Amino acid sequence: MKILTLETTCDETAAAVITGEFEVLASVVASQDDLHQRFHGVVPEIAARAHVERILPVIDETIRQAGISLGELDAIAVANTPGLAGSLLVGLVAAKTLCVALNKPLVAVNHLHAHIYACKLASGEEVFPCIGMIVSGGHSNLYRCNAPSSFEYLGGTIDDAAGEAFDKVASMLGLPYPGGPAVSRAALRGNRKAYHFPRSFLNDDSKLALSFSGLKTAVRYAITGGAASEFVRPDLSEQQIADLAASFEEAVVDCLVGKAMLAVRQCNLKTLCIGGGVAANTRLRSRLAEAARDANITLHIAPIELCTDNAVMGAIAVERFRAGLIEDLDLDLIPGLVRQ
Ligand code: KG4
Ligand code: ZN
């Protein structure tokens, strides 16, 4: 069995071919970082237009690398939720068109579930049932994952996602986009205790909630020295930037580790899976490893190359296809205003 998976939820145009044995025959990711860099964040209209230009060359290249013909595919899978509406639409239309032209079934992929599924794919081990945490530019959610097609939302951020906070803080510190890797690099030379930033909900064991907007504001005030209405970055020394980055990163990591472990305790599960762009963060990975060791649970973090958006994690579609979860061609996109 061979499935073509498409991923266009945000600002990466990606495709992959995965076999029924979960072998990756090809994987292509066309990043748009260069287009969004000067805006310090993804501009939805620019992202959608870039997907339109790139989706066909990306599919062609993926099929070429896989060494197969389109006719040999058994199904077409596409991430239809959540994401930017204009971006999702491009992948969805491409997938449906291929289904009609080739007379193949359509499989839907939830992008967040796929990020967590990357852990199972990479480890080759059974991970279900587990607590799954997705930490990305758009989401910071916790799930009880019962099976590949059964994810129960437990809680998450009530405002900004962790990755969004990394991107905004990078912008305030004058660091490049995407902010996560840049802040993380700067943090290596900084003192994590130089600034005491808020850790929302961390001491409240009754809530599986996260919040990063107050933290963003606290970093802003620490930079400007007060609540000025307009943000003007003062001259910051390398050490100040490093200290701010390190103190901010530690606050985010404290919250993510704290709530992931709380979910594990509340659900009494022994496995924790973490995926999404922010899961590439070195400090987060080592703190999670430490916490998992102390709690005697099994930890799976997606390998770095599968943390940021890609179509390989769309391998969750193989499980859905096998379970008979085929979609009608009127499948719609769901940008993501619902908890899922
Ligand atoms: O999963 P992803 O590629 O896209 C979404 O679905 O949002 O995640 C992108 C996010 C960006 O906010 C980026 O700054 C963040 O992941 N990120 C990181 C790191 N690498 C990427 N955040 C912290 N540390 C990193 N090393
Ligand atoms: Zn993502």
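Quantities reported herein were computed from a predicted structural model and do not represent experimental measurements. First listed ligand is number 1; within each ligand, the first listed atom is number 1.
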A.B. asks: Taking side chain as C-beta onward, heavy atoms only, is Q65 less than 4.5 Å from V17?
C.D. replies: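 They are not in contact (no side-chain heavy atoms under 4.5 Å apart), so the answer is no.
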
A.B. asks: Going by the atom numbers of ligand 1, which of them fall below 4.0 Å from some non-hydrogen atom of G138?
C.D. replies: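 Answer, ordered by atom number: 7 (O).
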
A.B. asks: Decide whether the shortest distance between a heavy atom of H111 and an atom of ligand 1 is less than 4.0 Å.
C.D. replies: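 Contact present.
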
A.B. asks: Without swapping roles, check the side chain of R283 against the backbone of E250 for a donor-acceptor pair under 3.5 Å.
C.D. replies: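 Answer holds: no.
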
A.B. asks: Taking 4.0 angstrom as the limit and counting only heavy atoms of G163, give me the atoms of ligand 1 inside it, by number and element.
C.D. replies: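 Ligand 1 atoms under the 4.0 Å threshold to G163: 12 (O).
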
A.B. asks: Is D74 salt-bridged to K104, going by a charged N under 4.0 Å from an acidic O?
C.D. replies: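 Between K104 and D74 there is no salt bridge, as every charged N stays at least 4.0 Å from the carboxylate O atoms.
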
A.B. asks: Heavy-atom contact under 4.0 Å between H139 and ligand 1?
C.D. replies: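 No.
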
A.B. asks: If you have a sec, work out which protein heavy atom is nearest atom 1 (O) of ligand 1 and how many Å separate them, to one decimal?
C.D. replies: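 Protein heavy atom at minimum distance: G277 N, 3.0 Å.
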
A.B. asks: Counting only N and O atoms by type, is there a donor-acceptor contact under 3.5 Å from the side chain of D159 to the main-chain atoms of S213?
C.D. replies: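 A pair under 3.5 Å: yes.
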
A.B. asks: For the aromatic rings, using the six-membered ring if either is Trp, is the centroid distance between H113 and F151 under 6.0 Å?
C.D. replies: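 When the ring centroids of H113 and F151 are compared, they turn out to be within the sub-6.0 Å range.
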
A.B. asks: Tell me which protein heavy atom sits closest to atom 4 (O) of ligand 1, plus the residue, atom name and distance to 0.1 Å.
C.D. replies: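 It is D309 OD2, 3.2 Å.
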
A.B. asks: For L333, is there any backbone N or O sitting under 3.5 Å from a side-chain donor or acceptor partner on T81?
C.D. replies: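 No: the side chain of T81 does not pair with the backbone of L333.
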
A.B. asks: Does E238 have more than 12 heavy atoms from other residues, nucleotides or ligands lying within 6.0 Å of its CD?
C.D. replies: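 No, the 6.0 Å shell around CD holds no more than 12 heavy atoms from other groups.
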
A.B. asks: Salt bridge or not for E45 and R49, using N-O below 4.0 Å?
C.D. replies: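 The answer is yes: the pair qualifies as a salt bridge.
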
A.B. asks: Give the numbers and elements of all ligand 1 atoms closer than 4.0 Å to a heavy atom of H115.
C.D. replies: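 In order of number, 1 (O), 6 (O).
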
A.B. asks: Under 6.0 Å between the ring centres of F248 and F166?
C.D. replies: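 Close enough - the centres of the two rings lie under 6.0 Å apart.
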
A.B. asks: Any idea which atoms of ligand 1 are less than 4.0 Å away from a heavy-atom of G179?
C.D. replies: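 Selected atoms, number and element: 14 (O).
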
A.B. asks: Quick one: nearest non-hydrogen protein atom to atom 13 (C) of ligand 1, plus distance?
C.D. replies: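 Scanning the protein heavy atoms, the shortest distance from atom 13 (C) of ligand 1 goes to D167 OD1, 3.8 Å.
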
A.B. asks: For T308, counting its heavy atoms only, list the atoms of ligand 1 lying under 4.0 Å from any of them.
C.D. replies: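 Per the distance check, 3 (O).
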
A.B. asks: Contact between ligand 1 and C10 is defined here as a heavy atom of the residue under 4.0 Å from a ligand atom; is it met?
C.D. replies: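 No, C10 has no heavy atoms under 4.0 Å from ligand 1.
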
A.B. asks: At a cut-off of 2.8 Å, what protein N/O/S atoms sit near the Zn ion (ligand 2)?
C.D. replies: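 Hits for the Zn ion (ligand 2) below 2.8 Å: H111 NE2, H115 NE2, D309 OD1.
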
A.B. asks: Just to confirm my output: which protein heavy-atom neighbour is closest to atom 24 (N) of ligand 1, and how far is it?
C.D. replies: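 Closest protein heavy atom to atom 24 (N) of ligand 1: N281 ND2, 3.1 Å.
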
A.B. asks: Salt bridge check, E327 against R320: does any charged N sit closer than 4.0 Å to a carboxylate O?
C.D. replies: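 So R320 pairs with E327 through a salt bridge.
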
A.B. asks: Have a look at A302, G137, A280 and point out the one with the heavy atom closest to atom 9 (C) of ligand 1.
C.D. replies: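 Nearest heavy atom to atom 9 (C) of ligand 1 lies in G137.
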
A.B. asks: What is the closest protein heavy atom to atom 25 (C) of ligand 1, and at what distance does it sit?
C.D. replies: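 Ranking protein heavy atoms by distance from atom 25 (C) of ligand 1, first comes G180 C, 3.6 Å.
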
A.B. asks: Between T271 (side chain only) and C130 (backbone N and O only), is there a donor and an acceptor less than 3.5 Å apart?
C.D. replies: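 Not a single qualifying donor-acceptor pair exists.
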
A.B. asks: Is there a donor-acceptor contact under 3.5 Å linking the side chains of N80 and H111?
C.D. replies: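 Absent: no donor and acceptor within the cut-off.
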
A.B. asks: Does a sphere of radius 6.0 Å around CG in D34 hold more than 12 heavy atoms from other residues, nucleotides or ligands, not counting ones at 6.0 Å or beyond?
C.D. replies: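 Atom CG in D34 is packed in, count exceeds 12.
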
